[in-house]
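Input: a single structure, listed below in structure tokens.
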Amino acid sequence: MKARYWILGFTTIAIFLSFRYLLPLVLPFALAYIFAKLISPVIHWTTRKLHLNKKICAVLVVLICVLAVGGFLVYTVSAVISQAILLLQKFPVYEQLFSQSIEDICCRCDRVFELAVGTSYQYVEAQTMKLYHGIETDLLPKLSGAALDFLKWGAEAAAGLFIFLLATLLILLDDSFPHIHRKCYRFVKRLKKTGLAYIRSQAIIIFIIAVVTTVGLWIMGNEYAVLFGIGIAVFDAFPVVGSGIILVPWAIVKILSGNWFHAAILITVFVIATFLREILEPKLFARDIGLKPLFVLLSVYAGIQLFQAGGILLGPIALTILKAVNDYLKEQEDIQPDE
């Protein structure tokens, strides 16, 4: 029992060091290996049915997959960027509308609490000015630095993509590529059952909910349908929080403003997103893998603190690896006394 805890502790340290220092070096090759394993059945089927050379089939299948996925990503990213720019351009208009709404609410508060006219609004205005000052002094310089980091990241991503494609082709064409050792197979199988199944299922659910949300917002005529749709889908993946934290208040605001049509669409999107998650999660992976919502939320928070934005994904991955190691060690403890 104590040995298991020691192993889990060392595993936690090893995961942190691997994610911090080793992952950037091996990520293109790890993704290439996973991608090659996913499309290898398609290449074998194509080679057998069309009687083509394996090298030609491998190149064709990889190119088709990359073009399809790349085209979708380019369209999505360009739509998100254009809608984000439009949102920034119209921000002063939204700021004015928001200020008018806040002023109206503050006037009502003054009447309810019998305060002098303008007391609440002066307080809110003072806090808003502090917020703007903090943005000007702290956030804007960081954004300027982030723009340079983004350009650097783009160049590194292009180089990583080239290495990924080259590594994928080499793995597919190398029949002698090493397979998983038999002693490690049980652990890898356990990891696939827990961690990889969880990550794959969440990716599929986020994608489907993003499509549903984007379509709903597009029907509303929202100018930022793709941007908000992806953002709401990401929020939906957080335990407990869900898409309701955005869609339900938004629908209430629409009801109060008298726009029942938009409110009905938002409520419908929320119901569909909740229904899809409740239906798809049990089908895509078993609920008994032990990933409790509180632990998932904790792993996301810890991942963000340690690895910034990438920790949203790395945190749950680390949690699933630890879960797989713990389950494997438990199995060994149960088997060992009988031997």
- request: Walk me through it: do L22 and L17 pass the test side chain to side chain contact (heavy atoms under 4.5 Å, CB included)?
  value: CA-CA 7 Å; L22 186 61; L17 295 176; over 6 Å; no
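A search for side-chain contact (heavy atoms from CB on, under 4.5 Å) contacts involving V59 returns L63, L169, not counting sequence neighbours. Remark: R108 pairs with D104 by the salt bridge (Lys or Arg N to Asp or Glu O under 4.0 Å) rule, at least two apart or across chains. Under the rule for a side-chain contact (heavy atoms from CB on, under 4.5 Å), the partners of A36 that lie at least two apart in sequence or sit in another chain are T168, I171, L172. Every side-chain contact (heavy atoms from CB on, under 4.5 Å) that Y123 has, sequence neighbours left out, goes to Q127. Partners of F228 according to the ring pair (Phe, Tyr, Trp, His ring centres under 6.0 Å) rule, which considers only residues two or more places apart in sequence or in another chain, are Y224. The salt bridge (Lys or Arg N to Asp or Glu O under 4.0 Å) search around K55 returns none, not counting sequence neighbours. Listed by chain and number, the residues in a side-chain contact (heavy atoms from CB on, under 4.5 Å) with L27 are L23, L31 (sequence neighbours excluded).
Summarising the geometry, atom NZ belonging to K254 is positioned 11.0 Å from atom CZ belonging to F261; distances are rounded to the nearest 0.5 Å. To the nearest 0.5 Å, atom NZ of residue K49 and atom SG of residue C57 are 13.5 Å apart. Rounded to the nearest 0.5 Å, atoms CG (N222) and CD1 (I265) are 10.5 Å apart. Taken to the nearest 0.5 Å, the CD1 atom of I208 stands 12.0 Å off from the CD1 atom of I279. Between the CZ atom of F16 and the OG1 atom of T11 there is a distance of 15.0 Å, given to the nearest 0.5 Å. Interatomic distance, CH2 of W250 versus CG of L247, reported as 7.5 Å (0.5 Å rounding).
Heavy atoms only, all atoms of each residue included: G229 and L217 are closest at N-CD1, 3.8 Å. Closest of all the heavy-atom pairs between P249 and G244 is CD-O, 3.2 Å. The two residues I163 and P28 make their nearest non-hydrogen contact at CG2-CB, 4.1 Å. Shortest non-hydrogen contact noted between A32 and A167 is CB-CB, 3.7 Å.
In the hydrophobic clustering of this structure, I56 does not group with L166; members are Ile, Leu, Val, Met, Phe, Trp, Tyr whose side-chain heavy atoms approach within less than 4.5 Å, directly or through other members. Linking ILVMFWY residues whenever their side-chain heavy atoms come closer than 4.5 Å, directly or via other members, places V211 and I219 in the same cluster. In the hydrophobic clustering of this structure, L60 does not group with V42; members are Ile, Leu, Val, Met, Phe, Trp, Tyr whose side-chain heavy atoms approach within less than 4.5 Å, directly or through other members. Each of V234 and Y301 belongs to its own hydrophobic cluster when Ile, Leu, Val, Met, Phe, Trp and Tyr are linked at side-chain heavy-atom distances under 4.5 angstrom. Each of I317 and L25 belongs to its own hydrophobic cluster when Ile, Leu, Val, Met, Phe, Trp and Tyr are linked at side-chain heavy-atom distances under 4.5 angstrom.
If you chain together ILVMFWY residues whose side-chain heavy atoms come under 4.5 Å of each other, I255 ends up grouped with W260. Residue I206 is found outside any hydrophobic cluster, as its side-chain heavy atoms come under 4.5 Å of no other Ile, Leu, Val, Met, Phe, Trp or Tyr.
Under the side chain to side chain donor-acceptor pair (under 3.5 Å) criterion, the residue pairs touching residues 75-90 are K90-E223, with sequence neighbours excluded.
Between F19 and I15 the shortest side-chain heavy-atom distance falls below 4.5 Å. Using a 4.5 Å heavy-atom cutoff, the side chains of T12 and L322 are in contact.
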Output a table of donor-acceptor pairs, distance under 3.5 Å, between side-chain atoms of residues 266-276 and any protein atom two or more places apart or on a different chain; print 'none' if there are none.
unit_1	atom_1	unit_2	atom_2	d
T268	OG1	A264	O	2.6
T274	OG1	F270	O	2.9

For residues 64-72, run the donor-acceptor check on the side chains, cut-off 3.5 Å, and write out each pair with its distance to 0.1 Å, sequence neighbours left out.
none

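Checked against the 6.0 Å centroid threshold, F164 and F35 count as a close aromatic pair.
Sparse packing is recorded around CD of Q96, with 12 or fewer heavy atoms of other residues, nucleotides or ligands lying under 6.0 Å away.
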